[in-house]
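Convention: sequence-line order gives letters A, B, ...; per-chain numbering from 1.
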Amino acid sequence: MISGFVFRALEGRIVTAVGIILAIGILVPALNLLTPADSALHIPTYVMSLFGKYLCYALLALALDLVWGYCGILSLGHGAFFALGGYAMGMYLMRQIGPRGVYGNPILPDFMVFLNYKELPWFWHGFDWFIFAMAMVIVVPGLLAFIFGWFAFRSRVNGVYLSIITQAMTYALLLAFFRNDMGFGGNNGLTDFKDILGFSVQADGTRAVLFFMSALMLSLCLILASAIVRSKFGKVLVGVRDAESRVRFLGFRVENIKLFTFVVSAMMAGIAGALFVPQVGIINPGEFAPANSIEVVVWTAVGGRGTLIGPIIGAILVNGGKSFFTGAFPEIWLFALGGLFIAVTLFLPKGIVGTIQHGFKARKALKAAADAEKGRGDATTVAQAQAAE
Amino acid sequence: MNMISETRQKSLLYLENVSVSFDGFKALNSLSFVVEPGELRAIIGPNGAGKTTMMDIITGKTRPDTGTVLFEDTIDLTKKDEADIAQLGIGRKFQKPTVFESHTVWDNLELALNRSRGVFATLFYTLSPEDKARIGEILETIRLTHRSQEYAANLSHGQKQWLEIGMLLAQEPKLLLVDEPVAGMTDAETAETAVLLKEIAKTRSVVVVEHDMGFIRELGVKVTCLAEGSVLAEGSIDFVSNDPKVIENYLGR
Ligand SMILES: Nc1ncnc2c1ncn2[C@@H]1O[C@H](COP(=O)(O)OP(=O)(O)O)[C@@H](O)[C@H]1O
Ligand SMILES: [Mg+2]
């Protein structure tokens, strides 16, 4: 049963994609660590961390695609799950600072000393323990998604209304995390991290491992997502997207289907956020900004929603473009992003990967039809070819 | 005593004095309606008579304001939702054909198959030989074997209607509600659909809503005529179509 579940996931394209991602995950750190700084092949640490950030965004986009591309739930709040995963990691990193802060308090992080905290708030307990913090990276976003989804899906909030309340959710969290008395460092967030599991977060070796971990988690989540969408459950998911009432009248509990997918997706987003934070060195409430969640939608749309590889490619391309533009012409980036989204919606509604796959299938269909005409194709290949159109 | 228990047959579906209004408009007005086990019943009536609304109420999509809706004499359907009711064994074909267009014909049937529908059961589901055989059988019944690997989006209108009927068969319902199955079909398809429904009705109860009088005649079963949310006449097609009220409200138009 389980083996069938995993086996189905490893369809050709996914194996190739995982192979490429893992190869990058090994090659980039190797070129960073093993080549001298003046070598043409050397990848500087800041570039590696920048790419590592893209891998985290790719995982976030994959998470969004699972709910949006496959289940039709347009979440405009996935940035919140990403940020919560990031905060869980940030809290662990803060606790690792120990007495090395500016105020030298062995228990309280600097911002708490500054704000006159007498003791560690209850929800900070346990975060000095890596395993606990990593569990929180998936539990907290998962729990929020569960509670949110429980109410939203049970009351059958759909379409644009659901998008609006997800946006409201991330906005509410933005406001909450801005407050100093929330105990998450307010406006400044969490930063000045020292080490992770005893290794300096600044060290090249640590950065290399973080990069590899980003590639590994992206690969594992890609395999999981593939297993989900290729199972019967995944077919039901697409059914919910395309004809929700039909699914209901077939006897499926649509609210449970959506809830499960939303929670899994939120957990993936949390993992992405957790890997993001040590690579960029800070987490602040800005990550909850509604615009961030909307950007994720753009990446996914550009790459191709409803395909698994699309959001990964979209996230990397758009963020690569963003890094370039904000360096070269900072003032036009937002216009470029907006223009890109409109262009993709108008001219490539299936996104880059979706369009390529579509073209590929159409060519196969043409070929099969030609074969059939020559009398070589049997009825089934023609049927398949027509189906593929 | 014996006489009474014999005449009081167990009903499969029992509606009594069901009323529902939308913004003050009475879509159903004290509707009473009984379907017996194994029965094939046709429902006719002008547009807006409440035929679709009646199906909405039976399948849990709409809650009645007042009235009783019982399945198998004991189960109160007004307390259940769509998924529960589907699992109890009531299948429904929509007026507009509703299939999963981005899935193949085969996958459409696989999804509809009456198997455990929980999240984890579907995640770890693998197609067993029995399930394969069952899907093969249904494909034969709905005459779509040769197109099983085709995306449902590429089927003709009539074939989509059949696929949807096939999905309902896969659900193994005790009661099948079919809303205007031959709307938009060619004459040949209409005739074949009548054969198909009669075949299906051998093993379960079927309620068919239809406008096409030729089709109803072909079915040759008891007919209920609805108008303005309640039953106008009930009986054989000849009886109903000679009823002055039916002629005035429906046929005469
Ligand atoms: N959800 C709804 N909201 C408002 N009015 C409705 C709703 N459903 C049905 N109606 C109205 O109830 C009446 C009966 O509709 P319907 O059951 O679809 O008729 P039929 O299927 O017999 O043509 C129509 O006038 C329709 O406009
Ligand atoms: Mg109707």
Side-chain angles (χ1 to χ4, degrees), chain A residues 1-9 69-70 72 154 156 224 227-264 306 350 361 365 368 378-389, chain B residues 55-56 59-61 81-94 96-108 110-127 131 145-155 164 167-168 170-173 177:
Chain A
M1 232 168 55
I2 308 269
S3 62
F5 178 68
V6 177
F7 184 73
R8 265 195 303 268
Y70 287 91
R154 215 147 280 263
R156 303 202 181 169
L224 175 66
I228 290 175
V229 305
R230 273 167 240 290
S231 68
K232 181 173 174 183
F233 180 85
K235 292 174 189 168
V236 179
L237 216 53
V238 171
V240 171
R241 182 190 72 189
D242 294 346
E244 179 170 333
S245 55
R246 178 31 83 217
V247 178
R248 256 183 229 288
F249 287 107
L250 284 178
F252 291 95
R253 298 228 148 265
V254 169
E255 55 275 21
N256 294 354
I257 293 165
K258 289 183 174 176
L259 189 60
F260 174 84
T261 315
F262 198 57
V263 169
V264 169
K350 293 167 194 287
K361 279 183 190 163
D378 60 9
T380 50
T381 56
V382 179
Q384 275 162 359
Q386 283 168 346
E389 268 165 3
Chain B
M55 293 202 170
D56 286 346
T59 54
K61 189 177 173 213
D81 69 3
E82 298 98 319
D84 282 331
I85 292 172
Q87 290 183 18
L88 280 173
I90 300 183
R92 171 174 191 183
K93 203 198 120 359
F94 295 105
K96 176 176 168 289
T98 313
V99 296
F100 303 122
E101 305 230 331
S102 46
H103 286 316
T104 61
V105 169
W106 180 282
D107 282 348
N108 268 276
E110 183 182 318
L111 290 188
L113 218 52
N114 183 22
R115 297 291 173 268
S116 174
R117 297 175 180 91
V119 167
F120 294 98
T122 46
L123 270 174
F124 299 120
Y125 171 85
T126 41
L127 195 62
D131 291 359
T145 308
H146 61 296
R147 308 201 77 176
S148 75
Q149 292 309 313
E150 184 98 48
Y151 284 108
N154 299 337
L155 297 181
E164 198 178 0
M167 290 165 74
L168 299 178
Q171 229 181 307
E172 292 168 25
L177 306 174

What's the shortest heavy-atom distance between [X] and [Y], and which atoms?
{"X": "B:Leu111", "Y": "A:Val236", "value": "CD2-CG2, 3.6 Å"}
{"X": "B:Val99", "Y": "A:Ala243", "value": "O-CB, 4.4 Å"}
{"X": "A:Leu250", "Y": "B:Gln171", "value": "CD2-OE1, 3.4 Å"}

Review point. Rounded to the nearest 0.5 Å, how far does CZ of A:Phe252 lie from CD of B:Glu82?
Key: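 The CD atom of B:Glu82 sits 14.5 Å away from the CZ atom of A:Phe252.
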
Go through the atoms of [X] and report whether side chain, backbone, both or neither lie under 4.5 Å from a heavy atom of chain B.
{"X": "A:Val247", "answer": "both"}
{"X": "A:Ser245", "answer": "both"}
{"X": "A:Arg230", "answer": "neither"}
{"X": "A:Asp242", "answer": "side chain"}

Check your understanding: With sequence neighbours excluded, what pairs up with B:Phe120 under the side chain to side chain contact (heavy atoms under 4.5 Å, CB included) test?
Key -> A:Phe260, B:Leu123, B:Phe124

**Study point:** side chain to side chain contact (heavy atoms under 4.5 Å, CB included) partners of B:Thr59, counting only residues at least two apart
**Key:** A:Phe249, B:Lys61, B:Ile90, B:Arg92, B:Leu177

Check your understanding: Given the rule in the side-chain contact (heavy atoms from CB on, under 4.5 Å) test, do B:Thr126 and A:Arg8 qualify, once you have shown the distances and angles that lead to the verdict?
Key -> CA-CA 10 Å; B:Thr126 41; A:Arg8 265 195 303 268; 3.7 Å; yes

Exercise for review: Identify whether the distance between the nearest side-chain nitrogen and carboxylate oxygen of B:Glu101 and A:Arg241 falls below 4.0 Å.
Suggested key: no

Review point. Is B:Asp107 salt-bridged to A:Lys232, cutoff N-O under 4.0 Å?
Key: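 Not counted as a salt bridge, because no side-chain N and carboxylate O are separated by less than 4.0 Å.
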
Between [X] and chain A, with a heavy-atom cut-off of 4.5 Å, which part of the residue counts as in contact: side chain, backbone, both or neither?
{"X": "B:Leu168", "result": "side chain"}
{"X": "B:Glu110", "result": "both"}
{"X": "B:Asp84", "result": "both"}

Point to revise | salt bridge (Lys or Arg N to Asp or Glu O under 4.0 Å) assessment of A:Arg253 paired with B:Asp81 | key: CA-CA 10 Å; A:Arg253 298 228 148 265; B:Asp81 69 3; 2.8 Å; yes

Check your understanding: Highest number of heavy-atom pairs under 4.5 Å with chain A: which of B:Val119, B:Ile85, B:Thr98?
Key -> B:Val119

Review point. Step by step, would you call A:Lys235 with B:Phe100 a side-chain contact (heavy atoms from CB on, under 4.5 Å)?
Key: CA-CA 9 Å; A:Lys235 292 174 189 168; B:Phe100 303 122; over 6 Å; no

